[in-house]
There are 2 protein chains.
Amino acid sequence: MKNPIADLNKIFDSRIRLGVMSMLVVNDEISFNDLKQMLELTDGNLASHLNTLEQAEFIKVHKGFIGRKTSTTYSITALGKQAFKAHLDALEKMIRKL
Amino acid sequence: MKNPIADLNKIFDSRIRLGVMSMLVVNDEISFNDLKQMLELTDGNLASHLNTLEQAEFIKVHKGFIGRKTSTTYSITALGKQAFKAHLDALEKMIRKL
DNA sequence: AAAAGTGCTTTGTTTTTCAAAGTTAAATAG
DNA sequence: CTATTTAACTTTGAAAAACAAAGCACTTTT
């Protein structure tokens, strides 16, 4: 037997970062505000988790406009998709025994 | 759309507690030592996570003997099984979109 | 001009994690 | 029979992470 948790990615230990990634996997782009409302977070809390994901290069920011109003959106990167998938595979392997 | 992380159990945010539960789901009883070696943890760290799971009544302790040597083993409770399953269902629901 | 919204950053508190060392009791080695 | 080792903890303390609240720059709406 081998350590069942060794292949889990530490970045995805956080429910919030898991939630962000799971949303970005199915939506090409999501705004800061939508993430905030969906996950029911304060600005600061969300911003810092997004920062962590950005540092890891798992997500990308796009600063743009909707009309003339600023709008920041986020999208998943190829690396992020890969890391997220690897994490889910590790999770699945861990619990497949069920 | 609703908050995708609302149904995740906070207790299982920890990779270690996840690992313990996943091991106890497939093994009726596991010793402290086996858990420690499998998950590569220090005594104190493992003990405190086991404590958290015990407080939640997700696992049960059995103090017994192997010959005349003490041996502490842990097993999952019905409540623990249920909570773990609910967590996995929530996880699956969250990522099934993939 | 005032109020409100967007997307942050900063600050400080609370919570969580974890390692290290100490502890008790039994087992084994010398 | 004394010394060391092992099992399973508890306690202590430090480091890291999570989080809320407030502040801020800029813009839009009223």
Side-chain angles (χ1 to χ4, degrees), chain A residues 3-6 8-24 27 29-56 58-75 87, chain B residues 3-6 8-24 27 29-56 58-76 83 87:
Chain A
N3 186 340
I5 64 181
L8 296 177
N9 190 326
K10 281 226 170 80
I11 289 191
F12 301 132
D13 278 3
S14 153
R15 69 211 283 97
I16 293 177
R17 292 192 294 266
L18 251 193
V20 169
M21 294 300 280
S22 83
M23 291 180 68
L24 286 179
N27 298 93
E29 281 197 328
I30 311 183
S31 71
F32 184 89
N33 234 343
D34 283 352
L35 284 170
K36 181 179 130 187
Q37 276 162 20
M38 198 68 55
L39 302 173
E40 301 174 63
L41 303 170
T42 55
D43 291 8
N45 195 7
L46 175 57
S48 70
H49 284 294
L50 290 175
N51 220 316
T52 301
L53 290 171
E54 224 188 311
Q55 299 276 97
F58 289 174
I59 64 173
K60 248 190 346 246
V61 196
H62 315 269
K63 305 213 179 239
F65 293 87
I66 291 181
R68 276 164 73 210
K69 199 164 157 184
T70 58
S71 162
T72 309
T73 61
Y74 297 85
S75 66
H87 181 78
Chain B
N3 186 339
I5 64 181
L8 295 177
N9 191 325
K10 279 225 171 80
I11 288 191
F12 301 132
D13 278 3
S14 153
R15 72 211 281 99
I16 293 176
R17 292 192 294 266
L18 250 194
V20 169
M21 293 300 280
S22 84
M23 291 181 69
L24 286 179
N27 297 93
E29 282 198 330
I30 311 182
S31 72
F32 184 91
N33 231 345
D34 284 352
L35 284 171
K36 180 180 130 188
Q37 275 162 21
M38 197 68 54
L39 302 173
E40 302 173 61
L41 303 170
T42 56
D43 291 7
N45 195 7
L46 175 57
S48 70
H49 283 293
L50 289 175
N51 220 316
T52 301
L53 290 171
E54 225 188 309
Q55 300 276 98
F58 288 174
I59 64 172
K60 248 190 347 244
V61 196
H62 313 270
K63 305 215 177 237
F65 293 89
I66 292 182
R68 275 163 77 209
K69 198 164 159 186
T70 59
S71 163
T72 307
T73 61
Y74 297 85
S75 65
I76 199 170
H87 181 78

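Naming: A, B, ... by sequence-line order, numbering from 1 per chain.
For C/dT16, the OP1/OP2 oxygens have no side-chain nitrogen or oxygen of B/His49 closer than 4.0 Å. Taking 4.0 angstrom as the limit, A/Arg17 places a side-chain polar atom (N or O) nearer than this to OP1 or OP2 of D/dA18. Neither OP1 nor OP2 of C/dT17 sits under 4.0 Å from any side-chain N or O of B/Asn45. A/Thr72 has a side-chain polar atom (N or O) that falls below the 4.0 Å cut-off from OP1 or OP2 of C/dG7.
A straight line from CZ of B/Arg15 to C1' of C/dT16 spans 14 Å, rounded to a whole angstrom. Atom CG in A/Leu39 sits about 11 Å away from atom P in D/dC19, given to the nearest Å. The separation between A/Phe12 atom CZ and D/dA18 atom P is 13 Å, rounded to whole Å. Rounded to whole Å, atom P of C/dA4 lies 16 Å from atom CG of A/Asp43. The CD1 atom of A/Ile59 sits 13 Å away from the P atom of C/dG7 (whole-angstrom rounding). Protein atom CD1 of A/Ile30 is 13 Å distant from nucleotide atom P of C/dG7, rounded to whole Å. Counting to the nearest Å, the P atom of C/dC8 and the CG atom of A/Leu53 are 14 Å from each other. To the nearest angstrom, C1' of C/dT6 lies 12 Å from CG of A/Asp34.
A/Tyr74 and A/Phe32 have tilted rings, their planes meeting at an angle from 30° to 60° on a 0 to 90° scale.
Distances were taken from every side-chain heavy atom of A/Asn33 (C-beta onward) to each of C/dG5, C/dT17, C/dT9; the shortest belongs to C/dG5. With D/dT10, C/dT9, D/dA8 as the choices, the nucleotide that has an atom nearest any side-chain atom of A/Ala47 turns out to be C/dT9.
Projected onto DNA chain D by closest heavy-atom contact, B/Ser48 and B/Lys36 fall at different nucleotides, the more 5' of which corresponds to B/Lys36. Comparing B/Tyr74 and A/Ser14 by the nucleotide of DNA chain D that holds the closest heavy atom to each, the one mapping nearer the 5' end is B/Tyr74. With the nearest nucleotide of DNA chain C identified for both A/Asn51 and B/Lys10, A/Asn51 has the one nearer the 5' end.
Counting non-hydrogen atoms under 4.0 angstrom, B/Ile16 reaches the backbone sugars and phosphates but no base.
Atoms NE2 and CG, on B/His87 and B/Leu8 in that order, are 5.5 Å from each other to the nearest 0.5 Å. Between the CG atom in B/Leu50 and the CD1 atom in B/Ile16 there is a gap of 9.5 Å [rounded to 0.5 Å].
Scanning all heavy atoms of the two residues, the minimum distance from A/Arg17 to A/Lys10 falls at NH2-O, 4.1 Å.
Counting heavy atoms from C-beta on, the side chains of A/Arg15 and A/Leu39 never come closer than 4.5 Å.
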